[in-house]
Amino acid sequence: MPTKTVLTYGTFDMFHIGHLKLLERLHKLGDKLIVAVSTDDFNDLKGKKTIIPYDQRAAIVKAIQYVDMVIPEERWEQKVEDIKKYNVDIFAMGHDWEGKFDSLQELCEVVYLPRTSGISTTDIKQQLNKISEINIQDLNRAFEILKRLKSDFE
Ligand code: C2G
């Protein structure tokens, strides 16, 4: 039975359930799932700031049971070469990329799957920023109380 190979691309920063559910669905589309993880340099090119460095993001994706191979994504243009090099049958992305890669239909099937709602790396970063802001305000309040206590006892 010929192997059906699926290929996808992504940053996978702060790996979360949205990434996992996508990889799980991509795994079910074929027999072999290849994931191209955006390198730190490529993310600079994409204007995407990441928290987790490439080697850790790639190691996490590689450890996912649905994933058979991880390759670096270094250039927008590498998709054509990758599809040919790995005999890809299905190129698939989340639907936030709907239509962006239709030109690849000359080489293989192109599929856009619904994103998982309610979770994104951007949301996680915003929550983390909120926590650090609250912590700083709490620390300032505690500092003011300590200063008042100190002057009361002087
Ligand atoms: N995704 C999802 N549900 C979410 C968040 C992300 O299905 N809640 C999907 C995205 O649609 C994408 C994949 O998970 O297909 C990886 O998302 P990102 O890490 O944000 O990848 P991105 O920065 O979109 O990089 O050349 C293509 C780019 O490298 C894609």
Side-chain angles (χ1 to χ4, degrees), residues 1-140:
M1 172 99 142
T3 308
K4 181 176 273 192
T5 301
V6 182
L7 173 63
T8 192
Y9 293 74
T11 303
F12 298 100
D13 191 25
M14 306 287 280
F15 196 86
H16 56 66
I17 191 67
H19 296 138
L20 185 65
K21 287 177 127 182
L22 175 85
L23 296 178
E24 182 181 16
R25 284 175 290 157
L26 294 181
H27 169 74
K28 289 177 182 162
L29 291 179
D31 315 290
K32 182 178 178 185
L33 174 56
I34 302 173
V35 182
V37 177
S38 313
T39 60
D40 296 330
D41 288 346
F42 183 56
N43 275 313
D44 291 345
L45 217 64
K46 285 199 276 188
K48 194 158 193 171
K49 281 189 71 53
T50 52
I51 291 181
I52 309 297
Y54 168 74
D55 56 331
Q56 294 178 31
R57 290 184 284 110
I60 290 167
V61 171
K62 198 171 166 59
I64 303 291
Q65 66 182 57
Y66 306 123
V67 178
D68 298 285
M69 179 195 279
V70 168
I71 59 174
E73 179 186 25
E74 297 164 301
R75 295 170 291 115
W76 286 111
E77 308 75 23
Q78 74 178 75
K79 296 183 176 69
V80 171
E81 297 150 39
D82 290 345
I83 288 169
K84 291 175 181 170
K85 181 176 177 183
Y86 297 104
N87 299 312
V88 170
D89 301 285
I90 301 174
F91 168 90
M93 295 293 292
H95 79 302
D96 46 315
W97 291 93
E98 182 92 39
K100 297 286 191 317
F101 300 113
D102 289 355
S103 60
L104 298 174
Q105 280 163 351
E106 292 161 29
L107 299 168
C108 64
E109 191 182 342
V110 175
V111 172
Y112 301 102
L113 296 177
R115 278 172 67 97
T116 301
S117 56
I119 182 86
S120 74
T121 306
T122 308
D123 291 349
I124 294 170
K125 286 181 194 171
Q126 282 167 356
Q127 293 305 320
L128 288 173
N129 286 336
K130 266 190 209 142
I131 291 167
S132 55
E133 278 160 24
I134 291 166
N135 285 351
I136 289 164
Q137 287 162 9
D138 288 347
L139 285 170
N140 284 336

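Start at 1 and go down the list; that is how both ligands and their atoms are numbered. Since we're looking at a predicted model, the values are computed, not measured.
With a heavy-atom cut-off of 4.0 Å, Leu22 touches ligand 1 through its side chain alone. Contacts of Asp96 with ligand 1, taken as heavy-atom pairs under 4.0 Å, involve the side chain alone.
If you number the atoms of ligand 1 from 1 as listed, the ones under 4.0 Å from a heavy atom of Trp97 come out as 24 (O), 28 (C), 30 (C). Atoms of ligand 1 found under 4.0 Å from any heavy atom of Tyr9 (numbered from 1 in listed order, with element): 26 (O), 27 (C), 30 (C). Numbered from 1 in the order shown, with element, the atoms of ligand 1 that lie under 4.0 Å from a heavy atom of Ser38 read 29 (O).
Arg115 and Asp96 are joined by a salt bridge, as a carboxylate oxygen and a charged side-chain nitrogen come within less than 4.0 angstrom of each other.
Residue contacts with ligand 1: Ile119 is placed with a nitrogen or oxygen under 3.5 Å of a nitrogen or oxygen of the ligand (distance criterion only). Ligand 1 has an N or O atom lying under 3.5 Å from an N or O atom of Thr11, backbone or side chain. When only interatomic distances are considered, the shortest N/O to N/O separation between Glu73 and ligand 1 falls below 3.5 Å. Below 3.5 Å of separation, one finds an N or O of Lys48 facing an N or O of ligand 1. The distance criterion of under 3.5 Å between nitrogen or oxygen atoms is not met by Trp76 with respect to ligand 1. For a threshold of 3.5 Å applied to N or O pairs, the pair formed by Asp13 and ligand 1 contains no separation below that value. Any N or O atom pair closer than 3.5 Å counts here, and Gly94 shares at least one such pair with ligand 1. Some N or O of Phe12 is nearer than 3.5 Å to an N or O of ligand 1, by distance alone. At under 3.5 Å, not a single nitrogen or oxygen of Ser117, backbone or side chain, sits near a nitrogen or oxygen of ligand 1.
Within the cation-pi definition used here (under 6.0 Å to the ring centroid, within 45° of the axis), Lys79 does not qualify as a partner of Phe91.
The stretch residues 102-111 participates, sequence neighbours left out, in these side chain to side chain donor-acceptor pair (under 3.5 Å) pairs: Asp102-Tyr112.
For atom 6 (C) of ligand 1, the closest non-hydrogen atom of the protein is Arg115 NH1, 3.6 Å. Among all non-hydrogen protein atoms, the one lying nearest atom 3 (N) of ligand 1 is Thr116 N, 3.1 Å. Protein heavy atom nearest atom 25 (O) of ligand 1, with residue, atom name and distance: Lys46 NZ, 3.0 Å.
Using the six-membered ring where Trp is involved, His27 and Tyr66 have ring planes that are tilted, between 30° and 60° apart.
Atom NZ of Lys62 is separated from atom CD1 of Ile64 by 12.5 Å, given to the nearest 0.5 angstrom. Expressed to the nearest 0.5 Å, how far CE of Met93 lies from CG of Leu22 amounts to 8.0 Å. Atom-to-atom distance recorded for Thr121:OG1 and Leu128:CG is 10.5 Å, nearest 0.5 angstrom. Atom CG in Asn87 sits 9.0 Å away from atom CD1 in Ile34 (nearest 0.5 Å). Atom CG in Leu113 sits 10.0 Å away from atom CD in Glu98 (nearest 0.5 Å).
Residue contacts with ligand 1 do not include Ser120, since none of its heavy atoms lies under 4.0 Å from the ligand.
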- prompt: Does the pair Ile52 and Met14 meet the rule for a side chain to side chain contact (heavy atoms under 4.5 Å, CB included), with working shown?
  reply: CA-CA 7 Å; Ile52 309 297; Met14 306 287 280; 4.0 Å; yes
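With sequence neighbours excluded, the residues forming a side-chain contact (heavy atoms from CB on, under 4.5 Å) with Asn43 are Thr11, Ser38, Lys46, Lys48, Thr50, Arg57, listed by chain and number.
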